[in-house]
Trainee: 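Before I ask anything, here is the structure I am working with.
Atoms considered below: every heavy atom in the structure, side chains included; atoms not considered: hydrogens, waters and symmetry mates.
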Amino acid sequence: MFIVTARLPKKKLLAGSATVLGCFAVVAAALVLTLGGRAVAASAEVKNIRTNDDRLAYLGGLGWQVSPQPIATEELLIPEKFDDSYADYLKLQADQGFDLNQYCGKRVKRYTYQLTNYPGQDEPVQVALLIYKNRVVGGQIQSSSGSFVHGLTLPQDTQPSVEPSAQPSAPAFGFLV
């Protein structure tokens, strides 16, 4: 058995502790700034969305201005099994960090709001959020005419990110309950 002892002067011990604490503070500040902004706003299951004000705040955090009340509120049943017709829609949701496969057979609420600040569009544009047990589990931006559908994030340019020929089907689920 070996025993090793070492002496550390208090000044070096304090300096080392201060350095470690400083590093933790920088990492914590970076996380707060990143998570507090739009970096994760449109991804994977945002929790504690209980009220209309919570939904409005979530959409506002994404940069959207919407009507103060939903223009439609529907209860939907997510199919037990997705067929090929859902492939594009599931990809759209997965690209945003949402996995609808884990909600198969579950009832979700879809809240649809009129967007008031969609760039470069003359026709009405809507945003739909899928909520399950106070969590955002999916959503999309869609034109009223069905000419485009894309994810929840504000587009970089004024054109929709999904061309009409490659768009996912707009109503997420055809089963109203």
Trainee: With under 30° as parallel and over 60° as perpendicular, where do the rings of Y86 and F82 fit, or are they tilted in between?
Mentor: perpendicular

Trainee: Distance-only, no hydrogens or angles: does the Q142 side chain make a donor-acceptor pair with backbone N or O of V127 under 3.5 Å?
Mentor: no

Trainee: Side chain of Q114, backbone of V125: donor and acceptor closer than 3.5 Å?
Mentor: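 Yes; at least one donor-acceptor contact below 3.5 Å.
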
Trainee: Does the side chain of K109 come within less than 4.5 Å of T73's, by heavy atoms?
Mentor: yes

Trainee: Can you check whether L152's main-chain N or O pairs, donor with acceptor, with Q96's side chain at less than 3.5 Å?
Mentor: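 Yes; judged by distance alone, with no hydrogens or angles, the pair exists.
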
Trainee: When you check the side-chain N and O atoms of Q140 and Y89, is any donor under 3.5 Å from an acceptor?
Mentor: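 Yes, because at least one side-chain N or O of Q140 sits under 3.5 Å from a partner of the opposite role on Y89.
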
Trainee: Sequence neighbours left out, what passes salt bridge (charged side-chain N to carboxylate O under 4.0 Å, His left out) with D95? Give chain and number order.
Mentor: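 Once residues adjacent in sequence are excluded, the partners of D95 under the salt bridge (charged side-chain N to carboxylate O under 4.0 Å, His left out) criterion are K91.
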
Trainee: Does the pair L56 and Y113 meet the rule for a side-chain contact (heavy atoms from CB on, under 4.5 Å), with working shown?
Mentor: CA-CA 9 Å; L56 293 175; Y113 292 88; 3.8 Å; yes

Trainee: If we check salt bridge (Lys or Arg N to Asp or Glu O under 4.0 Å) with E75, which of these qualifies: K106, R110, R107?
Mentor: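 For E75, the salt bridge (Lys or Arg N to Asp or Glu O under 4.0 Å) test succeeds with only one of K106, R110, R107, which is R107.
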
Trainee: Would you say that R55 contacts L129 through its side chain, given a criterion of any heavy-atom pair below 4.5 Å between the two side chains?
Mentor: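 Heavy-atom side-chain distance check passes, below 4.5 Å.
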
Trainee: What residue among L115, I71, T112 forms side-chain contact (heavy atoms from CB on, under 4.5 Å) with V66?
Mentor: L115

Trainee: Does the side chain of L100 reach to within under 4.5 Å of the side chain of L130, using non-hydrogen atoms?
Mentor: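 Touching, per the 4.5 Å side-chain cut-off.
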
Trainee: Would you name the heavy atoms of P70 and N52 that are closest together and state the gap between them?
Mentor: CD-OD1, 3.6 Å

Trainee: Among side-chain atoms of S85 and D83, is any donor-acceptor pair under 3.5 angstrom?
Mentor: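 Side-chain D/A pair, S85 to D83: present.
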
Trainee: Which distance, rounded to the nearest 0.5 Å, do you find between the CG of D99 and the CG of L90?
Mentor: 8.5 Å

Trainee: Let me see the working for V136 and I131 under side-chain contact (heavy atoms from CB on, under 4.5 Å), right down to the final yes or no.
Mentor: CA-CA 5 Å; V136 176; I131 308 287; 3.7 Å; yes

Trainee: Y118 and W64: aromatic ring centres closer than 6.0 Å?
Mentor: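 Close enough - the centres of the two rings lie under 6.0 Å apart.
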
Trainee: With no hydrogens and no angle check, just 3.5 Å: does a side-chain donor-acceptor pair link E123 and S145?
Mentor: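 Checked: E123/S145 side chains pair up, N/O donor to acceptor below 3.5 Å.
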
Trainee: Side chains of N48 and Y58: is there a donor and an acceptor less than 3.5 Å apart?
Mentor: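 No - no donor-acceptor pair under 3.5 Å links their side chains.
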
Trainee: What distance separates S144 OG from Q121 CD, expressed to the nearest 0.5 Å?
Mentor: 10.0 Å

